[in-house]
Every structure is written in C-alpha cells, then in structure tokens.
There are 2 protein chains.
Amino acid sequence: MRKPPAKPPIIPEDINIDVLEDTLSFYIRSINLAVSRDLDERLEGLDVAKGTGKITTLLLVDDYPGIRPSVIAHLILKDRSAMGRLIDQMEGHGLLRREISPDDSRAQELYITEAGAALAVKIREIVPKQSRDFFSFIPEDEQRLVMDILRRAYRRIVGLP
Amino acid sequence: MRKPPAKPPIIPEDINIDVLEDTLSFYIRSINLAVSRDLDERLEGLDVAKGTGKITTLLLVDDYPGIRPSVIAHLILKDRSAMGRLIDQMEGHGLLRREISPDDSRAQELYITEAGAALAVKIREIVPKQSRDFFSFIPEDEQRLVMDILRRAYRRIVGLP
DNA sequence: GCAATTGGTGGATAATAGCAACTAATTTTT
DNA sequence: AAAAATTAGTTGCTATTATCCACCAATTGC
C-alpha cells in the first residue's frame, strides 16, 4: 500500500513564473527533483538508491571489468573523493571489489561481484522503465527527441565523442 | 580570474553507458548537476546562490505580493518545512518579509523588500543568460523545442494548467 | 635523479533532505 | 455550538551529500 494519495495540495491559480518560463535550466533543475524522488521510491531497499552515481557505477563496472574509479567519477560528474566514498559504500554492500592495478600501483581496478551483477540485472529493468513511466505523458517521439538532444549535451559536458 | 582550465582529465575512450543511453531520467539528473554548478558560480556572492528555490521564490514574491509560502513550496517542489527555512534565510538577508495574513491568521503573506526587488532585477538578467550560455552548443530551435516539452512536464508535475 | 603530475584517501565543514511531532487557526460535521 | 478533522507554518533531529584541502604514493618527464 502506498501513502494516502498525498492530498492534492492548494490549487494555485494561473501563475506565471517570470523569466524562468523560458529558462531551460529551470526546467532541468525542477524536473530533476521530481524524477529523482520518484526513482528513489522505486529503488527503495535496493542499496543503490539515493543520489546520482551508484547506478551508473554499477552498470559501468559490470560492463567494463577493471574500469578505474577516476573514469567513472568523470562520467558521473563527481570528484575523486566523492567517488571514493561511493565505492566504499558499494564495496561495503558487496556489489563490487577493488584491486590495485598491476600496471599502475596507485590506480585501482573495479570488478563486479555476483551480488553486483545480479543487482545490475534488476537495475536494467527498473531504471529505464521508471523513466518511461515517469514521462509517460510525453508522447514517445517527443521523449526520444528530447533524449537525443540531451544526450548530446551530456556527452559534450563529460567530453565523450 | 577563473580557475586554471581545470585540466582536461583522462579522456575516456568510447564508453557506452548501457541502458542509461536511452534513459531520459539519466540525462536530466546528470545535466542537472552540471548546470546547477555552473549557475552557482555565476551567482557567487549574490545570496541567492546554492540550491533550488531561492530564485523562483524571489521572482514569485516580486511578481505576486502577498503570495503564500505554501504556494511557492508547491511550485518549487519542497515541503513546508524546507520552505520555511528558505524564507528564514531570505528574510535574514533582507530580501523579503513576512506578514500574517489578515484573512487567515495561521497563513503568511510574503512581500519583497527594496533589496529583494533590486536583486530580482539582476537575477532576471543573469539566470536566463546563464541557461542560454550553458546550452549554447545546442541550436536555438532545438533548445526551444526541448523547453516546450519540459515546460509541459513541469506544469504537469506541479499541477499547473 | 628531481620536479611535476596523477590516482586515490581522509578530514572537516557546511548544506539539504526528509521525517515526525507540535501549535494554532480554521472548517466541517453532527 | 461543540467536537473532530484539516490546514499553515515551525522546530528538532538524523542522515546523506557535497566541497575543499591537504596529503601520500606512484609515475612520468626532463
């Protein structure tokens, strides 16, 4: 059972949000709040919930055995120390393990564990579905359109080709 | 002077982010991080920096004198307690003041101060410009396209017509 | 071989978020 | 008109993140 319908709060009349009406960053930031919360709910209990990065990390480690923390950090837009703590957490949960790279002994290589791989399977189902569901009121073609544009933005930001 | 170019970190090869590649929520969440940081930089020192909500609050109070905290809370997707603290802060900075509503003495009405109004003027310049600049590598028509779609999403989320 | 760089760690601080409990004022019920 | 339920806002607490900075060890460049 879910929380009681969360009472439809006050119905604000016709409000105009000023210049933000035409400010892309405003929409990104606002929608981020809503979609992140919704995602957290769906991931409840899956020790990959809360905060950005765990999901991406899990999938990347699963796909690229031996990948280095700093590579992931860069892709999830965190600094190395934040990344380190994130890995501590996930390692603590038994999702992955680190080894020191034979090539460069200050670097690490990350490897998925069984538990991690199992979780990755679930994640691959839940996460895209959550996104589709959440944005289901946007026609599919428009969703894809937005995604194609934002994908370029993301890749540009993190410097992917 | 800006920070030294932030050294172009490791250049990850051709990496594929698995199912996230086609997950809208992933892009929203990631881009949110980048755009929010960039915005914070540009607002540095303006006591409206950091965190979502202050900007929207300022503009709304400026545009709708007497507007109620809970209305704003709803539009910025925060709960009442978070909203309260946000107002404390802004009131502390002399940007707005609260009065108890004559109509309903448990409710409040928010009013802009001179300092607040002055800041709103700056904000109206900086914020949309930041967004345009940040996304400047996306052609204008595409930006508008995305915005039109995300606007509908936002309005839907907060229940605006 | 020495200096500069890089990968990762650890600490401290500050900021948010999310709950839950609480007061006071209103509205609804009966 | 009294009791019950709802609503607006406040407060306290906890947990989680985010930064920033200094630091160590290993590596790379001269």
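We name chains A, B, ... by the order of the sequence lines, and we start the count at 1 in each one. Worth knowing before you read on, the calculation uses all heavy atoms, side chains too, and leaves out hydrogens, waters and symmetry mates.
Of the candidates dG9(D), dA25(C), dT9(C), dT9(C) carries the atom nearest the Gln108(A) side chain, counting heavy atoms from C-beta on.
Looking at every heavy atom in both residues, Leu46(A) comes nearest to Ile126(A) through CD1-CD1, 3.6 Å.
Under 4.0 angstrom from either OP1 or OP2 of dT16(D) there lies no side-chain N or O belonging to Gln89(A). Taking only side-chain nitrogens and oxygens, Arg37(A) comes nearer than 4.0 Å to OP1 or OP2 of dG18(C). The shortest distance between the side-chain N/O atoms of Lys78(B) and the OP1/OP2 oxygens of dG9(D) is not below 4.0 Å. Put simply, Ser105(B) has no side-chain N or O that comes within less than 4.0 Å of OP1 or OP2 on dA24(C). Proximity of Arg98(A) to the phosphate of dT9(C): a side-chain N or O atom is located under 4.0 Å from OP1 or OP2.
For the pair Asp104(B) CG and dT23(C) C1', the interatomic distance rounds to 14 Å; values are reported in whole Å. When the C1' atom of dG7(C) is taken as reference, atom CG of Asp79(A) falls 13 Å away, rounded to whole Å. What separates CD1 of Ile67(B) from P of dG9(D) is a distance of 11 Å, to the nearest Å. Rounded to a whole Å, the CG atom of Asp88(B) is 14 Å from the P atom of dA15(C). Residue Glu91(A) contributes atom CD, which lies 13 Å from atom P of dG8(C) at whole-angstrom precision. Remark: P of dA8(D) and CD of Glu99(B) are 19 Å apart, rounded to the nearest angstrom. Atoms CZ (Arg80(B)) and C1' (dA17(C)) sit 16 Å apart, rounded to a whole Å. Atom CG of Leu33(B) and atom P of dT19(D) are 8 Å apart (whole Å).
A salt bridge is absent between Arg144(B) and Asp22(A): the closest approach of a Lys/Arg side-chain nitrogen to an acidic carboxylate oxygen does not fall below 4.0 angstrom.
At the heavy-atom level, Ala82(B) lies nowhere under 4.0 Å from the strands shown.
In terms of polar N and O atoms assigned as donor or acceptor, the side chain of Arg85(A) never comes within less than 3.5 Å of the base of dG8(C) in a complementary pairing. Remark: the Arg106(A) side chain and the dT6(C) base include a donor-acceptor N/O pair separated by less than 3.5 Å.
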Donor-acceptor pairs are to be reported for all side-chain atoms of residues 26-33 of chain B against protein atoms at under 3.5 Å, with residues two or more places apart or in another chain.
| from | atom 1 | to | atom 2 | distance (Å) |
| --- | --- | --- | --- | --- |
| Tyr27(B) | OH | Arg151(A) | NE | 3.2 |
| Tyr27(B) | OH | Glu21(B) | O | 2.7 |
| Arg29(B) | NH1 | Ser36(A) | OG | 3.0 |
| Arg29(B) | NH2 | Gly51(A) | O | 3.4 |
| Ser30(B) | OG | Phe26(B) | O | 2.9 |
| Asn32(B) | OD1 | Ser36(B) | OG | 3.1 |

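No donor-acceptor pair under 3.5 Å is formed between the side chain of Tyr154(A) and the backbone N or O of Ile149(A).
The 5' end of DNA chain D is approached more closely, in terms of each residue's nearest nucleotide, by Gly84(B) than by the other of Ser81(A) and Gly84(B).
Side chains of Arg124(A) and Asp62(A) form a contact here, defined as non-hydrogen atoms less than 4.5 Å apart.
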